[in-house]
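Reading through the structure tokens given below for one structure.
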Amino acid sequence: MALHVVNEARRCLNCKKPQCREGCPINTPIPDMIQAFLGGRIDEAGEMLFRNNPLSLVCSLVCNHEAQCEGHCVLGRKGQPVHISSIEHYVSSNYFDKLRSCPAQPNGMRAAIIGSGPAGITIAILLAQRGYGVTIFEGKDKIGGVLRYGIPDFRLPKTILDRYKEELAAMGVKIRPNTTIGSTISVDDLFRDGYKAVFIGTGVWKPNALGIKGESLGNVHYAIDYLCNPDVYDLGRRVNIIGAGNAAMDAARTALRKGAEEVTVFARSDRMAASPVELEYAKIDGVRFKNFKAPVELAEEGGIFHDMIRTADGKLEPVPGTEKLYPADSTIISISQGPRNVIVTSTGGIDVDGRGLVVTDAAGRTTREGIFASGDVVKGAKTVVEAVRYSKEVADAMDRYMRGISARP
């Protein structure tokens with residue numbers, strides 16, 4: 001592994017205008033990091049990554065690198081780009097192993113973080129570094145949000161999230177698991193108890209429905225629910241997956257690892273939402289694909305689909321008379337998800353849009369004073385690195401608000 005990483009690092013041209021950095025949503029200083037690594041300054045390289053992106057260790061594994069940093073590497077124009085993700089992972093893992101954090105000097109102010117997904121962890125780290133007393137309220141038993149309960153272990157080992165929990169504790173962050181804000185404890189209670197600002201980063205955990213007959217049958221499941229704890233599901237030998245995003249690929253590959261013998265992904269067209277890398281892994285794992293198929297009805301015997309065709313103007317239309325049953329013991333629906341609005345319905349003054357997403361300004365301020373939000377609950381299901389980038393801006397805005405530097409425009 002080390003030789004591979006060093007050889008990849010040596011391929012970096014150290015461009016004066018690094019396109020790899022331009023392609024990174026969080027503008028990671030990739031050439032500087034690589035040069036520090038090659039110069040024997042691996043701790044400096046790791047500090048660059050962590051300072052720019054507290055979740056660099058996670059992003060090195062789950063980012064869509066081929067469309068971002070590696071996809072913009074100039075070496076990729078005529079050959080293979082530098083495998084930046086491998087270098088980032090090696091450096092970040094080394095740095096995180098040696099990281100010995102301690103609580104910052106307290107500033108006397110307290111901040112509440114609701115949700116411990118990518119946005120919540122990022123903001124907790126950044127505010128703790130500035131001396132705030134941070135408490136994370138997590139509805140599940142462990143931190144990580146979609147990182148833990150939406151991404152399979154073979155893509156993101158959960159031991160990494162356990163390491164982040166240890167790091168947060170070392171920084172003085174308190175974590176309350178199994179605590180859903182909006183039920184027993186309300187946002188108003190948080191302000192009553194002295195929290196200066198509240199951050200909402202609860203993600204999107206409500207699966208979108210197809211709205212077709214058979215969706216309530218006992219052998220039909222939603223991907224976001226299945227991925228939370230696949231071991232409790234008995235899917236049988238044959239599984240149909242409806243959807244073509246990364247979550248669909250995760251569900252398909254997980255089903256095969258949990259004992260399914262035949263897993264087939266059904267997509268409305270041949271333009272898959274999943275990244276090319278995830279598609280290739282799914283194919284290698286044995287996932288089958290049926291393109292230009294749309295579900296009409298779900299049954300205990302499987303799913304009924306009809307063919308789709310792309311018209312001359314690029315639109316997709318069903319082909320009459322092509323309905324066919326594709327047998328399966330279970331069906332998993334994976335067509336994205338939206339937010340559960342427990343907090344919003346129990347808290348006055350927080351506006352949401354037509355999809356139920358929290359409305360914020362560019363700095364993450366909601367329509368209620370002192371409450372901020374970012375991540376998927378604001379943007380919809382996006383990537384981890386996008387959540388981190390936006391959350392850095394929100395952390396700055398929360399810091400200014402709590403110190404009374406800036407008022408709402």
Side-chain angles (χ1 to χ4, degrees), residues 1-101 118-119 121-123 125-126 129 147 155-157 160 163-164 167 246 275-278 280-281 374 382-396:
M1 174 66 178
L3 181 59
H4 162 72
V5 170
V6 172
N7 287 340
E8 283 299 301
R10 286 172 177 161
R11 294 179 60 228
C12 176
L13 300 178
N14 195 20
C15 304
K16 292 183 179 180
K17 294 183 179 180
Q19 294 302 306
C20 58
R21 184 167 186 171
E22 292 297 320
C24 175
I26 204 167
N27 205 231
T28 299
I30 295 167
D32 295 339
M33 176 271 294
I34 290 177
Q35 294 309 307
F37 169 63
L38 289 175
R41 306 187 308 277
I42 191 170
D43 291 345
E44 179 184 332
E47 202 276 333
M48 285 183 195
L49 291 172
F50 190 75
R51 183 175 65 245
N52 179 69
N53 177 5
L55 293 187
S56 62
L57 181 55
V58 172
C59 289
S60 68
L61 294 175
V62 303
C63 266
N64 186 4
H65 299 99
E66 66 272 15
Q68 296 171 352
C69 56
E70 294 174 12
H72 286 73
C73 175
V74 296
L75 290 178
R77 296 174 183 174
K78 295 184 178 180
Q80 290 296 317
V82 174
H83 206 258
I84 298 165
S85 54
S86 294
I87 303 170
E88 181 182 17
H89 182 70
Y90 188 89
V91 172
S92 294
S93 184
N94 178 279
Y95 180 78
F96 214 75
D97 282 341
K98 295 185 285 188
L99 194 59
R100 299 291 181 269
S101 295
I121 292 175
T122 299
I123 291 181
I125 291 173
L126 295 177
Q129 289 174 336
L147 301 176
R155 281 221 292 138
L156 179 64
I160 290 178
R163 290 162 67 183
Y164 268 95
E167 185 60 27
N246 282 342
S275 70
V277 167
E278 295 308 316
E280 286 303 315
Y281 273 122
S374 76
K382 298 291 184 181
T383 64
V384 174
V385 71
E386 287 174 311
V388 174
R389 179 188 62 78
Y390 186 37
S391 296
K392 288 175 65 176
E393 299 174 13
V394 176
D396 289 340

Can you confirm whether [X] sits close enough to [Y] that some side-chain heavy atom of one is under 4.5 Å from a side-chain heavy atom of the other?
X    : Y    : result
E88  : I30  : no
P31  : C20  : yes
V74  : C15  : yes
E8   : S86  : no
Y164 : L147 : no
Y95  : L49  : no
P54  : L126 : yes
C63  : V384 : no

message = Looking at E393, I want to see if its CD is surrounded by more than 12 non-hydrogen atoms of other residues, nucleotides or ligands under 6.0 Å.
response = yes

query = Counting heavy atoms not belonging to F96, are there more than 12 under 6.0 Å from its CZ?
reply = yes

Mind checking what makes side-chain hydrogen bond (donor to acceptor under 3.5 Å, both in side chains) contact with [X], not counting sequence neighbours?
X   : answer
D32 : none
Q19 : none
H72 : none
S92 : S56

Do you know the tightest heavy-atom contact between [X] and [Y]?
X    : Y    : result
A119 : A387 : N-CB, 4.5 Å
V385 : P25  : CG1-CG, 3.6 Å
S60  : H65  : O-CE1, 3.1 Å
I42  : V91  : O-CG1, 4.0 Å

Rounded distance [0.5 Å steps], [atom1] in [X] versus [atom2] in [Y]:
X   : Y   : atom1 : atom2 : result
L55 : L61 : CG    : CG    : 11.5 Å
I26 : C69 : CD1   : SG    : 12.0 Å
L13 : C73 : CG    : SG    : 6.5 Å
H89 : C59 : NE2   : SG    : 12.5 Å

request  = Answer yes or no: is there an ion pair linking E386 with R389, defined by an N-O contact shorter than 4.0 Å?
outcome  =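 No.
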
query = Got a sec, which residues hit salt bridge (Lys or Arg N to Asp or Glu O under 4.0 Å) with E278, two or more places apart in sequence or on another chain?
reply = R155, R253

Got a donor-acceptor contact below 3.5 angstrom from the [X] side chain to the [Y] backbone?
X    : Y   : answer
E70  : P81 : no
K392 : N52 : yes
R11  : L75 : no

task = Take L99 and E167, measure what side chain to side chain contact (heavy atoms under 4.5 Å, CB included) needs, and give me the verdict at the end.
result = CA-CA 8 Å; L99 194 59; E167 185 60 27; 3.5 Å; yes

task = Can you run down the salt bridge (charged side-chain N to carboxylate O under 4.0 Å, His left out) pairs that involve residues 42-56, sequence neighbours left out, and say none if there aren't any?
result =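 For residues 42-56: R41-E44, D43-K98, E47-R51.
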
ask   = With C12, which of I87, L38, I84, I34 fulfils side chain to side chain contact (heavy atoms under 4.5 Å, CB included)?
value = I34

